[in-house]
Participant: 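Got a structure for you, questions after.
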Amino acid sequence: MWKCKDLMKMTDAVKPAKTGANVEVQINVTNIVKYVCLAGIAIVGIIFGSKSFVECKKNEKTKEDN
């Protein structure tokens, strides 16, 4: 027959050790600003480039018609 003290000793051996987790979060604002600026430049470049391409094709078509 098991005694209570023996059961407690057995359960203590099975329990995982209590360990804490350290989490460190670093926010690098300079990298965030850099990538936001690059994304903005890319978006403006795509919009400007596509509009310019369409205008060039329109000009070429009007020159061919004349």
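Numbers here are sequence positions counted from 1. Worth saying up front: this structure is predicted, and the values here are computed from it rather than measured.
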Participant: Which residues end up grouped with Phe53 if you chain together Ile, Leu, Val, Met, Phe, Trp and Tyr wherever their side-chain heavy atoms are less than 4.5 Å apart?
Facilitator: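 None, because no other hydrophobic side chain comes under 4.5 Å of this residue.
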
Participant: Tell me, please, which residues at least two apart from Val44 pass side-chain contact (heavy atoms from CB on, under 4.5 Å).
Facilitator: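 So Val44 forms no side-chain contact (heavy atoms from CB on, under 4.5 Å) with any residue.
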
Participant: Could you work out, with side-chain contact (heavy atoms from CB on, under 4.5 Å) as the rule, every residue matching Asn28, not counting sequence neighbours?
Facilitator: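 With neighbours one apart ignored, the set is Thr30, Asn31.
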
Participant: Only counting residues at least two apart or in another chain, list the ones meeting side-chain contact (heavy atoms from CB on, under 4.5 Å) with Val36.
Facilitator: Ile32

Participant: By side-chain contact (heavy atoms from CB on, under 4.5 Å), which residues pair with Ile46, not counting sequence neighbours?
Facilitator: none

Participant: Who pairs with Lys57 by salt bridge (Lys or Arg N to Asp or Glu O under 4.0 Å), at least two apart in sequence or on another chain?
Facilitator: Glu60

Participant: Does any pair with a residue in residues 46-55 pass side chain to side chain donor-acceptor pair (under 3.5 Å), and if so which ones, sequence neighbours excluded?
Facilitator: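 Listed by first then second residue: nothing to list.
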
Participant: Mind running side chain to side chain contact (heavy atoms under 4.5 Å, CB included) on Ile41 and Ile43 for me, showing each step along the way?
Facilitator: CA-CA 6 Å; Ile41 291 169; Ile43 291 169; over 6 Å; no

Participant: Cluster partners of Leu38, using ILVMFWY side-chain heavy atoms under 4.5 angstrom, listed by chain and number?
Facilitator: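 Answer for Leu38: Tyr35.
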
